[in-house]
2 protein chains.
Amino acid sequence: MRLSTKGKYGLYAMIFLARRHGEGPQSLKAFGELNLPEAYLEQLLGSLRRAGLVSTVRGTQGGYLLSREPENITVREMLEAMEGPLRFADCVTESDRPPCAHSGDCPARGVWEYLTGEINALLGRITLSDILRQNLRPIENVTEETK
Amino acid sequence: MRLSTKGKYGLYAMIFLARRHGEGPQSLKAFGELNLPEAYLEQLLGSLRRAGLVSTVRGTQGGYLLSREPENITVREMLEAMEGPLRFADCVTESDRPPCAHSGDCPARGVWEYLTGEINALLGRITLSDILRQNLRPIENVTEETK
DNA sequence: TGTAAACCCGACAAAAACGATCGGGATTCT
DNA sequence: AGAATCCCGATCGTTTTTGTCGGGTTTACA
């Protein structure tokens, strides 16, 4: 289980924009200090724009900027914009080839649903401004003894 | 972010073994009812064996069996055996090419570490026997108001 | 009004990862 | 000895990833 560079670069770009938030559009060249392949980054910013997370201004003096306040943009949205929704098994979100022979009562399905839900919730709790402020609280762990 | 079929098939295989736990070694053919490509599954069971999660008996009447009790085998171990450790960015676990130009104070690094820790903890809490019993409790969410 | 600075977009391509398949070797039960 | 098994490395086609490229469009500004 890994994150592709798409998700990684995308988050870097969003952090960059969050830091410059309020300073007007940032041109692609301004992202240069991130040391990412420029033409590739341009593509990724396109995905972020189509997902509604960044806005663009075209023409001279144009560039990219956050389309919302940093406290209203979550890691989940960013990663989903770059990599599509989290999916452990297709049978959870879409139709699959017979997932396993116990089709009806596939015991793994519950696991995929549980994990998908928990991880999406986790990612959805972290905002861009949390990242800038390094405000990452560990979850108060397992609620009580299983006994 | 997705899970490859390796992780998926691997978990299916482990669930299969857990259900037959105590019934002696299960031959590759016995897994047939899972409808997975047999030769591929054989490879995957090799990984699970090398990770210490299953044991094998060779020769006639041989096969695969869990090398521990189902309550002592976690989803994290299984997925790590099949797909390697969870990694969001290489800079968290290993050396990376300059991660981003703000090398020293890369604000994304904290995110990767946080996510890696939380998700590993989540995966580590689910055991094979939890899966059989469908015992998947949602985490008691964010501890208290952020205020 | 012209031109340069930007973003926009689709096509293409190399490289890596994925999802297997295959053939033969090593064990072990009977 | 022979059959049932697991073991292992090589190979291979497909898909995904990670880019590159070329040309088009928009717009500020002189």
Side-chain angles (χ1 to χ4, degrees), chain A residues 1-13 17 20 24-32 34-67 79 81-85 87-90 96-97 99, chain B residues 1-13 17 24-32 34-67 79 81-85 87-90 96-97:
Chain A
M1 262 195 315
R2 55 187 277 278
L3 194 67
S4 72
T5 63
K6 259 188 210 162
K8 219 167 61 169
Y9 293 176
L11 188 59
Y12 290 158
L17 285 179
R20 298 267 196 300
Q26 302 295 315
S27 76
L28 197 52
K29 279 198 186 106
F31 287 85
L34 296 182
N35 277 331
L36 306 178
E38 192 172 296
Y40 190 36
L41 181 59
E42 187 178 10
Q43 276 190 173
L44 305 187
L45 283 164
S47 300
L48 290 168
R49 175 179 49 82
R50 282 184 291 274
L53 301 179
V54 311
S55 306
T56 54
V57 178
R58 303 182 66 170
T60 314
Q61 311 292 349
Y64 302 87
L65 32 74
L66 296 184
S67 49
L79 293 187
M82 305 308 303
E83 317 217 348
R87 61 205 161 95
F88 280 86
D90 295 331
D96 197 12
R97 297 177 306 158
Chain B
M1 264 195 314
R2 54 189 278 278
L3 194 68
S4 72
T5 61
K6 262 186 210 163
K8 221 167 57 170
Y9 293 177
L11 188 59
Y12 291 158
L17 286 179
Q26 302 296 315
S27 75
L28 196 51
K29 280 199 186 106
F31 288 85
L34 295 182
N35 277 331
L36 306 178
E38 191 172 295
Y40 190 35
L41 180 58
E42 186 177 10
Q43 279 192 172
L44 305 187
L45 284 164
S47 301
L48 291 168
R49 176 178 49 81
R50 282 184 291 274
L53 301 179
V54 309
S55 306
T56 53
V57 178
R58 301 181 70 172
T60 313
Q61 309 294 349
Y64 302 86
L65 32 75
L66 297 184
S67 49
L79 292 187
M82 305 310 303
E83 317 219 349
R87 62 203 160 96
F88 279 86
D90 296 329
D96 198 13
R97 297 178 305 157

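Keep in mind that what you see is a predicted model, and the values were worked out from it rather than measured. What you see below is based on every heavy atom in this structure, not just the backbone, and it leaves out hydrogens, waters and symmetry mates. Reminder, nothing fancy here: chain letters follow the sequence lines and each chain counts from 1.
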For this session: Measure the spacing between CE of A/M82 and CG of A/L53 and express it to the nearest 0.5 Å.
Result: 9.5 Å
For this session: Check DNA chain C against residues 39-56 of chain B and give the residues with a non-hydrogen atom under 4.0 Å, in numerical order.
Result: B/A39, B/Y40, B/Q43
Exercise. Taking OP1 and OP2 of D/dT27, is either one under 4.0 Å from a side-chain nitrogen or oxygen of A/T60?
Worked result: no
For this session: State which residues pass side chain to side chain donor-acceptor pair (under 3.5 Å) with B/S4; sequence neighbours excluded, sorted by chain then number.
Result: B/E83
For this session: Quick one: list whatever passes side chain to side chain contact (heavy atoms under 4.5 Å, CB included) with A/L65, sequence neighbours left out.
Result: A/P25, A/S55
For this session: Map B/V57 and A/V57 onto DNA chain D by nearest heavy atom, then report which one ends up closer to the 5' terminus.
Result: B/V57
For this session: Report which part of the nucleic acid B/E83 touches: base, sugar-phosphate, or nothing (heavy-atom distance under 4.0 Å, all strands).
Result: nothing
Problem set entry | Selection from C/dT21, D/dC6, C/dC8 that lies nearest to any side-chain heavy atom of A/Y64 | C/dC8
Exercise. Does any donor-acceptor pair link the side chain of A/R58 with the base of D/dT27 at a separation under 3.5 Å?
Worked result: no
For this session: Look at all strands and tell whether A/G59 reaches a base, only sugar-phosphate, or nothing, counting heavy atoms closer than 4.0 Å.
Result: base
For this session: Report the nucleotide, chosen from C/dG19, C/dA4, D/dT26, that has the shortest atom-to-atom distance to any side-chain atom of B/S4.
Result: C/dG19
For this session: Can you figure out which of C/dA4, D/dT18, C/dT30 approaches the side chain of B/Q61 most closely?
Result: C/dT30
